[in-house]
Structure formats: structure tokens, C-alpha cells
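Read the structure below first, then the notes.
Here is how names work: the chains are called A, B, and so on, in the same order as the sequence lines, proteins then strands, and each is numbered from 1.
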There are 2 protein chains.
Amino acid sequence: MKNVERIVNHAENHCKAHGARLTNKRKIILSGLLEVGKAMSAYDLVDYCKDQFGESIPAMSVYRILDFLQEENLVHKLSLANKYIACAHITCDHAHGVPQFLICGNCQRVEEITINKSTINTLRRNVEDAGFHLVSPQLEMNCLCHDCVEHAA
Amino acid sequence: MKNVERIVNHAENHCKAHGARLTNKRKIILSGLLEVGKAMSAYDLVDYCKDQFGESIPAMSVYRILDFLQEENLVHKLSLANKYIACAHITCDHAHGVPQFLICGNCQRVEEITINKSTINTLRRNVEDAGFHLVSPQLEMNCLCHDCVEHAA
DNA sequence: CTCAAAATGATATGATGTAACATTCTTGGG
DNA sequence: CCCAAGAATGTTACATCATATCATTTTGAG
């Protein structure tokens with residue numbers, strides 16, 4: 001779990017750098033997401049924090065904290081699943097493209113990838129051709145992970 | 001509204017062709033979605049059917065009917081918005097690619113487009129490279145429609 | 001230290017969605 | 001035609017996801 005700690009520290013610096021505060025509760029939520037390494041619902045996080053950290057954080061606060069963490073790009077929301085997941089690139093210092101998510105419809109595993117720019121640009125062009133402007137190319141795709149494909153076969 | 005009727009008839013034939021039944025309630029829900037022409041939540045549909053058609057359809061039934069209509073490819077679910085929208089291509093007889101949706105984050109307008117196959121294939125390859133299998137390339141993209149971009153500017 | 005702003009808590013409620021079982025409707029075989 | 005079986009719909013209860021509102025606590029700048 002040293003690794004989680006390291007990432008949280010990094011996140012704290014990232015926040016400090018522009019005057020945002022990674023408070024204790026916010027650290028706890030972020031740690032939970034990092035430890036679990038999977039997408040969790042807000043209420044899953046309430047339970048997890050209670051069980052693992054002995055911290056009772058009301059759901060309302062969890063939602064607020066998740067909003068904060070999303071604004072800081074430390075966490076992403078998955079609309080397909082109504083769940084939240086820690087950003088896979090918190091510790092990278094360079095700017096990132098908007099991520100895309102592969103969600104296993106069977107076991108709920110999630111992989112965060114970055115699709116190459118030219119593909120995204122093609123997508124963007126398709127969107128512009130339809131008279132819309134692409135605000136964010138964060139995509140969520142219905143997938144099966146390798147294991148689940150195997151077992152289904 | 002003749003047009004809606006025509007589309008519903010077409011949908012009915014489509015269902016009959018493989019032994020599925022487009023019952024009266026199902027027609028009403030589909031008609032509602034077609035008339036409105038926008039994405040609606042299940043509960044929006046409950047209200048709409050009550051107001052416009054004098055039909056009280058319980059939410060549970062609306063969900064079941066929406067499931068049916070999705071299986072028939074007459075309706076799509078938008079996870080970004082938790083809403084449902086009539087397929088833009090019900091009356092086309094040829095098979096369609098999986099659709100992509102452009103959702104205006106400001107006015108909620110939705111455009112259904114079909115991205116060209118080669119772009120989808122590139123996406124699919126990206127997914128396979130990450131060890132996942134793309135089940136369905138139905139994408140939902142956070143956009144702004146042309147009007148909202150103008151007004152924001 | 002003090003005060004204002006930020007963060008968190010408490011409570012209620014709205015919105016979305018499903019489980020489980022009952023009832024009604026349709027339809028094909030006798 | 002009738003009726004059994006399956007399909008569709010209704011009813012009720014509840015699970016899950018999310019936000020509005022106002023109260024309280026914490027924090028940091030002056």
C-alpha cells in the first residue's frame with residue numbers, strides 16, 4: 001500500500017500547486033478508489049471507508065468529494081456504470097489526452113486507455129460534420145475483457 | 001403526425017417478421033418517443049402517455065417496454081443522460097451500423113450518426129490492443145450543438 | 001484571535017431502476 | 001369453440017443513484 005500513499009502525496013502536490021486542498025476526507029476517498037483499483041459507486045465508497053478506514057462519510061459528502069476529485073482530474077465518472085474510478089495517470093506529470101474506458105460487461109473490470117490523436121481527430125471531424133462540437137472525447141465502450149471472452153467460449 | 005403512424009406501422013411489420021409483437025402499449029411508447037423526437041426518461045414517458053394519450057402505463061411497464069424496443073433496435077438508451085430515444089433509422093430497411101450519439105450538454109439535443117467503418121475499425125483495434133473485445137461501438141459523446149456554441153460565443 | 005470562506009454534516013427528497021408475484025391477454029392445439 | 005400455456009401487463013415494495021437545503025465545523029488570511 002506504499003504505492004497508494006505515494007500517489008496520494010503526488011495528488012496533494014498537484015492540488016496545492018493551484019491552491020486546491022486535498023483534505024483528509026478527500027484523501028480517504030481517493031485512497032479507497034486507488035486501493036480497490038476498480039470502479040465503485042458512491043455508496044460502495046461509503047461502505048468501504050467505513051469498513052477499511054473506520055471513517056463514516058455521509059453519501060452527500062462522498063458525492064461532493066467525487067465532484068472535487070473529478071475537477072482535479074484525479075477521478076473519472078463512468079456513466080455506463082454509474083461508478084467512479086481513480087485516474088490511471090495521476091502520477092504522470094505531463095498533460096494527458098482525455099481518456100477512454102473499456103468496461104467489461106461481464107466482470108465490470110475497467111481499463112483506461114488513450115486512443116491515438118489521429119483517431120480522435122477523425123472522430124472529432126465526424127462530429128463537426130454533423131454540426132456538433134465535441135466537448136470531450138471521453139468514451140466509454142461496452143467490452144468484454146480477455147478473461148471473460150475466454151470463459152464464454 | 002401521419003409520419004409517426006407510418007413509422008409505427010413499419011416497426012410493426014419489422015416485429016411481425018420474426019414473431020415479435022408490437023402491442024398497443026408498445027406502440028404508444030414508441031409513438032411518444034417519435035412524436036417528441038428527443039431523448040426522454042422512462043418517467044417522462046409515463047407522464048407523456050398520460051397527458052397526450054390518456055394512457056396510464058406504470059413505470060415498471062415502461063421499463064419493460066423500453067427493453068423490448070431496444071431489443072428490436074427501435075429505441076436506444078443513452079447512458080450519459082439516462083434517457084431513451086427512438087432510433088433514427090427505423091424505416092430504413094437495410095442493416096445499420098451501430099449508431100453513435102452526439103449529446104448537447106447545454107440543450108440536451110441528440111443527434112444520431114454513423115461513423116464510418118474504418119474509424120470504428122481503428123477504435124476496435126485500439127481496444128483489442130488493450131486486451132479487450134469491443135462488444136458494441138455505440139458511443140455517446142459530450143458535445144455542444146451548433147446553436148449552443150453560437151450562443152455561448 | 002477573528003471572521004469569512006471552504007468543507008463537511010444532517011435530513012429530506014427526487015430520480016432512476018428492478019425484484020417478485022398477481023392478473024390479464026393472446027394464441028395455437030385439441 | 002375452448003382452454004392451457006406462454007406472453008404481456010399490473011401492483012407493490014424496495015434498491016440504488018443523486019441532489020437540494022440548511023446547519024455546523026474547520027481552515028487560513030489578515
Salt bridge (Lys or Arg N to Asp or Glu O under 4.0 Å) pairs touching residues 12-23 of chain A, sequence neighbours excluded, are A:Glu12-A:Lys27
B:Asn116 and B:Thr119: side chain donor to acceptor below 3.5 Å
yes
Sorted by chain and residue number, the side chain to side chain contact (heavy atoms under 4.5 Å, CB included) partners of B:Ala11 (sequence neighbours excluded) come out as B:Leu22, B:Leu30, B:Leu74, B:Ile90
Quick note, side chain to side chain donor-acceptor pair (under 3.5 Å) partners involving residues 126-138 of chain A, not counting sequence neighbours, are A:Glu128-A:His133
Q.
Treating B:Glu140 as the side-chain partner and B:Ser79 as the backbone partner, does any N or O pair qualify as donor plus acceptor under 3.5 Å?
A. yes
Residues in residues 67-84 of chain B with a heavy atom under 4.0 Å of DNA chain C, by number, are B:Lys77, B:Asn82, B:Tyr84
So, with a heavy-atom separation below 4.0 Å from DNA chain D, the residues of residues 37-51 of chain A are A:Ser41, A:Tyr43
Table of protein N/O atoms under 3.5 Å from nucleotides 9-11 of chain C N/O atoms:
from, atom 1, to, atom 2, distance (Å)
C:dG9, OP1, A:Lys25, NZ, 2.8
C:dG9, OP2, A:Ser61, OG, 3.0
C:dG9, N7, A:Arg64, NH2, 2.5
C:dG9, O6, A:Arg64, NH1, 3.1

- Taking A:His14 for its side chain and A:Glu72 for its backbone only, find out whether a donor-acceptor pair lies under 3.5 Å. yes
Side-chain donor/acceptor of B:Gln100 to backbone N/O of B:Pro137, under 3.5 Å: yes
Axis-to-axis angle across the helix from C:dC1-D:dG30 to C:dG30-D:dC1, five pairs each end, nearest 10 degrees, ~ 20°
Grouping ILVMFWY residues whenever side-chain heavy atoms fall under 4.5 Å, the cluster of B:Leu102 otherwise contains A:Leu102, A:Ile113, A:Ile115, A:Ile120, A:Leu123, A:Val127, A:Phe132, A:Leu134, A:Leu139, A:Met141, B:Ile113, B:Ile115, B:Ile120, B:Leu123, B:Val127, B:Phe132, B:Leu134, B:Leu139, B:Met141
With a sphere of 6.0 Å drawn around NE2 of B:His89, does it hold more than 12 non-hydrogen atoms of other residues, nucleotides or ligands?
yes
> NE2 of A:His146: more than 12 outside heavy atoms within 6.0 angstrom?
Replying inline: no
Residues joined to A:Ile103 in its hydrophobic cluster, side chain to side chain under 4.5 Å directly or through other members, sorted by chain and number, are A:Leu78, A:Leu80, A:Ile85, A:Phe101, A:Val110
| said: Please check: side-chain N/O of B:Glu111 versus main-chain N/O of B:Arg109, any donor-acceptor pairing under 3.5 Å? | reply: no
Bounded by its outermost nucleotides with an atom under 4.0 Å from a heavy atom of chain B, the footprint on DNA chain D reads D:dA7 to D:dT11
Here the side chain to side chain donor-acceptor pair (under 3.5 Å) pairs for residues 39-48 of chain B, sequence neighbours left out, are B:Glu35-B:Tyr48, B:Ser41-B:Asp44
CZ of A:Phe53 to CD1 of A:Ile29, rounded to nearest 0.5 Å, is 9.0 Å
By salt bridge (charged side-chain N to carboxylate O under 4.0 Å, His left out), B:Lys77 pairs with (sequence neighbours left out) none
